[in-house]
Participant: 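Got a structure here, written out as structure tokens. Questions coming.
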Amino acid sequence: MPQKVINGWSAQLKKAAGLDRASHRRRFGQIRVEGVQAVREALSWAPQRVRDLFATPEVLAAHPEIDELADAADVYVHLGEADLLARVAPSGQGIFAVAASLPELPISELITSETTLAVCCVEASDPGNLGTIIRSADAAGADLVVVGVGSTDPYSPKVIRSAAGSTFHLPLAHLDPAEAVREAKAAGMLVALADARADVDLFTAQRPHGDEPALLAGRTLWLVGNEARGFTPEQRAWADVKVAIPMWGKAESLNLSVASALCLYASAFARSGR
């Protein structure tokens, strides 16, 4: 595995720092992956896309599995001091990688008759929320995350860091959410919308009723809205069913990523028959 010690600000570090900006990510066809977990998963699940690894010697010594994965993928490793790497990735825990952008597949190839569970973020504006939704979708066994146009960029370093490696575990699509809804319905999926003004509550929707299966036992695309505004009337009309999350305390609402996780897990439980 080729290694190089970097002692000062360089053109490569400057380029890596520029990947904060969407325009630079598009221009160079690259993304920045920050943090131990995200870097490990990138090297495990998409090693062919990782171009360079930047880390402190201490981080590599503490995580020999990352060193081994980089060696197996023949990734060039740049060793630097923590304060130098922090100029590029302040929250990177002393490690980040530069990787080729992930492929953008058409939605018709992502939503098919085999798709069982997906989530569409209509206008998710907070990077931390979006990354957590991707991570929750992965944990719940979803097949796809759709990031609607108007949402924050799913390939920004903060989103990738918040997703903790799940970015590399399941497909992401970045497109008009109306298109995702059309494709889901054409593929026979139920389109469900999480909203306080709802037809049914989440617990009822995940339970069977007599001989009838649970509403969420079938193939489902969940729609989740904007953190502040929720859904427009047009977006609400996309849904086949609206589902409310019961709240027994005094909170007015739930964080978007928490609500999304509850909905995805309700579908997962309904499908498992538990």
Side-chain angles (χ1 to χ4, degrees), residues 1-63 65-67 69-71 73-104 121 124-135 145 147 149-169 172 174 257:
M1 174 180 60
Q3 288 189 354
K4 177 184 178 181
V5 176
I6 47 177
N7 296 311
W9 195 247
S10 66
Q12 280 185 309
L13 286 174
K14 181 179 179 181
K15 182 178 176 182
L19 296 176
D20 278 339
R21 299 168 61 182
S23 59
H24 283 214
R25 294 194 290 274
R26 289 191 297 268
R27 176 184 174 187
F28 297 112
Q30 294 180 332
I31 58 177
R32 194 173 74 234
V33 183
E34 301 178 359
V36 170
Q37 180 68 13
V39 168
R40 181 193 294 116
E41 296 308 292
L43 286 167
S44 297
W45 294 91
Q48 73 284 1
R49 309 199 76 81
V50 181
R51 298 289 182 261
D52 293 274
L53 176 64
F54 297 80
T56 66
E58 293 79 12
V59 168
L60 283 189
H63 298 279
E65 75 284 3
I66 292 180
D67 203 9
L69 288 167
D71 191 24
D74 198 27
V75 171
Y76 204 107
V77 177
H78 307 262
L79 299 175
E81 294 300 317
D83 58 348
L84 181 61
L85 300 187
R87 291 180 62 185
V88 176
S91 301
Q93 302 170 297
I95 185 169
F96 63 88
V98 172
S101 298
L102 298 172
E104 288 283 349
C121 303
S125 61
D126 182 84
N129 274 340
L130 180 56
T132 304
I133 290 169
I134 294 168
R135 186 177 184 179
V145 176
V147 181
V149 173
S151 296
T152 192
D153 186 349
Y155 300 112
S156 73
K158 185 171 183 180
V159 173
I160 294 173
R161 186 173 67 251
S162 297
S166 291
T167 300
F168 306 99
H169 295 169
L172 303 181
H174 195 200
S257 59

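Computed from a predicted structure; not experimentally measured.
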Participant: Under the rule for side chain to side chain contact (heavy atoms under 4.5 Å, CB included), what residues qualify as partners of Lys15, not counting sequence neighbours?
Facilitator: Phe28, Gln30

Participant: Just jot down the side chain to side chain contact (heavy atoms under 4.5 Å, CB included) partners of Ser257, sequence neighbours excluded, or say none.
Facilitator: Asn129, Thr132, Ile133, Asn255

Participant: In residues 49-61, what donor-acceptor pairs under 3.5 Å come from side-chain atoms, sequence neighbours left out?
Facilitator:
from  : atom 1 : to     : atom 2 : distance (Å)
Arg49 : NE     : Ala100 : O      : 3.4
Arg49 : NE     : Ser101 : O      : 3.1
Arg49 : NH2    : Ser101 : O      : 2.4
Arg51 : NH1    : Gln48  : O      : 3.0
Arg51 : NH1    : Arg49  : O      : 3.3
Asp52 : OD1    : His78  : NE2    : 2.8
Thr56 : OG1    : Val59  : N      : 3.1

Participant: Could you note down all residue pairs passing salt bridge (Lys or Arg N to Asp or Glu O under 4.0 Å) where residues 2-14 supplies at least one of them, sequence neighbours left out?
Facilitator: none

Participant: Please step through side-chain contact (heavy atoms from CB on, under 4.5 Å) for the pair Leu69 and Ser44, ending with a clear verdict.
Facilitator: CA-CA 7 Å; Leu69 288 167; Ser44 297; 3.5 Å; yes

Participant: Rounded to the nearest 0.5 Å, what separation is found between the CG atom of Leu130 and the OG1 atom of Thr167?
Facilitator: 8.5 Å

Participant: Per the salt bridge (Lys or Arg N to Asp or Glu O under 4.0 Å) rule, what does the pair list look like for residues 21-31, sequence neighbours excluded?
Facilitator: Arg25-Asp153

Participant: Please identify each residue that fulfils ring-ring contact (aromatic ring centres under 6.0 Å, His included) with Trp45, with sequence neighbours left out.
Facilitator: His169

Participant: Listed by chain and number, what are the salt bridge (charged side-chain N to carboxylate O under 4.0 Å, His left out) partners of Arg32, not counting sequence neighbours?
Facilitator: Asp20, Glu34

Participant: Does Ser125 have any side-chain hydrogen bond (donor to acceptor under 3.5 Å, both in side chains) partners at least two apart in sequence or in another chain, and if so, which?
Facilitator: Glu227

Participant: Just jot down the side chain to side chain contact (heavy atoms under 4.5 Å, CB included) partners of Glu65, sequence neighbours excluded, or say none.
Facilitator: Arg40, His63

Participant: Look at atom CD of Gln37 and say whether more than 12 heavy atoms of other residues, nucleotides or ligands are closer to it than 6.0 Å.
Facilitator: yes

